[in-house]
Visitor: 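If you scroll down you'll find the structure; I have some questions about it.
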Amino acid sequence: MRGKNTKTRHSYFQDIFDVVRLTPHGRVTTYGSVANYLGTVTPRMVGWAMNKSFREDPPVPAHRVVNRKGELSGRNFFSSPTMMQEMLESEGITIEQNQIRDFKEVLWDPSIELKEE
DNA sequence: CGTTTGACGGTCC
DNA sequence: CGGACCGCCAAAC
């Protein structure tokens, strides 16, 4: 132990990381969906948390998080502007004009998929 | 400890 | 259909 995370917990960022990590392979989610699922954070915060996600371990599939329009708004934050698209296409997602085709079909909304009945 | 930000979202026009 | 504007709320400075 590095005597570091003794009380470092319950960070809102951790909740965001956790939800994003639950995003299935070949699916995508939105900032708003994650924020809405948590209910305590805003969509902006989700995107902002993604910045820190690069240093997180295990890494967070930030490439599976897009905006509500289905656009790869965060592609510019990856190693390469095309990195995000390459990763999504590698998972079977088709992207055209920087936008996910059949976005609603590959959309994975935690508020719906993880909802309790 | 006040201000700014931030990979957004929804509404308004 | 699209541009503009406000709200959100914690983290970063």
Side-chain angles (χ1 to χ4, degrees):
Chain A
M1 308 174 183
R2 301 303 176 191
K4 185 177 182 179
N5 57 351
T6 305
K7 61 178 180 179
T8 306
R9 53 171 62 202
H10 293 325
S11 299
Y12 288 91
F13 277 37
Q14 281 295 330
D15 291 338
I16 296 172
F17 297 149
D18 185 59
V19 175
V20 175
R21 275 184 281 215
L22 291 175
T23 307
H25 184 275
R27 297 279 180 170
V28 296
T29 187
T30 67
Y31 307 97
S33 296
V34 176
N36 183 31
Y37 174 72
L38 295 174
T40 53
V41 300
T42 58
R44 291 189 176 194
M45 221 195 134
V46 177
W48 203 351
M50 293 293 97
N51 278 312
K52 294 181 62 180
S53 68
F54 287 92
R55 68 168 74 180
E56 286 291 310
D57 182 59
V60 180
H63 63 279
R64 294 180 188 156
V65 185
V66 297
N67 61 13
R68 80 114 186 156
K69 294 172 291 187
E71 297 175 328
L72 284 57
S73 53
R75 67 181 176 176
N76 201 18
F77 281 69
F78 283 79
S79 306
S80 182
T82 56
M83 186 67 177
M84 189 174 183
Q85 180 173 340
E86 291 294 324
M87 294 175 74
L88 289 173
E89 289 181 328
S90 181
E91 297 185 358
I93 298 176
T94 304
I95 302 172
E96 290 192 344
Q97 295 180 348
N98 222 60
Q99 184 175 343
I100 298 176
R101 178 189 286 218
D102 298 325
F103 170 58
K104 62 181 181 180
E105 295 186 31
V106 294
L107 175 61
W108 181 82
D109 191 333
S111 300
I112 298 175
E113 304 294 339
L114 300 179
K115 78 176 183 180
E116 303 174 30
E117 299 184 32

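Just so we're on the same page: letters track the sequence lines, and every chain starts at 1. Reckoned from all heavy atoms, side chains included, excluding hydrogens, waters and symmetry mates.
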Visitor: Heavy atoms from C-beta onward define the side chain here; which of C:dA11, B:dG10, B:dA7 lies closest to that of A:Arg68?
Guide: B:dG10
Visitor: Among B:dA7, C:dA12, C:dC9, find the nucleotide with the atom closest to the side chain of A:Ser53.
Guide: B:dA7
Visitor: Looking only at side-chain atoms of A:Asn67, point me to the closest of B:dA7, B:dG9, B:dG6.
Guide: B:dG9
Visitor: Can you tell if the side chain of A:Ser33 reaches within under 4.5 Å of the side chain of A:Pro110, non-hydrogen atoms only?
Guide: yes
Visitor: Are the side chain of A:Arg21 and the backbone N or O of A:Ile16 linked by a donor-acceptor pair below 3.5 Å?
Guide: no
Visitor: Does A:Glu91 pair with A:Arg64 as a salt bridge, N-O distance under 4.0 Å?
Guide: yes
Visitor: Tell me whether A:Phe54 shares a hydrophobic cluster with A:Met83, the cluster being built from Ile, Leu, Val, Met, Phe, Trp, Tyr side chains joined at under 4.5 Å.
Guide: yes
Visitor: Just to be sure I understand the rule, does A:Ala35 reach a base, reach only the sugar-phosphate, or reach nothing, if contact means heavy atoms closer than 4.0 Å?
Guide: nothing
Visitor: Please report, rounded to the nearest Å, how far the P atom of B:dG10 is from the OH atom of A:Tyr31.
Guide: 14 Å
Visitor: Tell me the interatomic distance from A:Phe13, atom CZ, to C:dA10, atom P, rounded to whole angstroms.
Guide: 11 Å
Visitor: Starting at CD of A:Gln14 and ending at P of C:dA10, how long is that distance when rounded to a whole Å?
Guide: 16 Å
Visitor: When you measure from the side chain of A:Thr29 to the backbone N and O of A:Trp108, does any donor-acceptor pair fall under 3.5 Å?
Guide: yes
Visitor: Take the protein atom CZ of A:Phe77 and the nucleotide atom C1' of B:dA7, then report the distance between them rounded to whole Å.
Guide: 5 Å
Visitor: Would you mind classifying the nucleic acid contact of A:Asn51 as base, sugar-phosphate or nothing, using non-hydrogen atoms under 4.0 angstrom?
Guide: base
Visitor: Over how many whole Å does the gap from A:Asp15 atom CG to C:dC9 atom C1' extend?
Guide: 14 Å
Visitor: With a 4.0 Å limit, can you tell me whether A:Lys69 has a side-chain N or O closer than that to the phosphate oxygens OP1/OP2 of B:dG9?
Guide: no
Visitor: Take atom CZ of A:Phe54 and atom C1' of B:dA7, then tell me their distance rounded to the nearest Å.
Guide: 9 Å
Visitor: Please report the distance, rounded to the nearest Å, between CE in A:Met45 and C1' in C:dC9.
Guide: 7 Å
Visitor: Is there a donor and acceptor pair, one atom on the side chain of A:Tyr12 and one on the base of C:dA10, closer than 3.5 Å?
Guide: no
Visitor: For the pair made of NZ in A:Lys52 and P in B:dA7, what is the distance, rounded to whole Å?
Guide: 15 Å
Visitor: Which of the following nucleotides, B:dG9, B:dG6, B:dA7, is nearest to the side chain of A:Trp48?
Guide: B:dG6
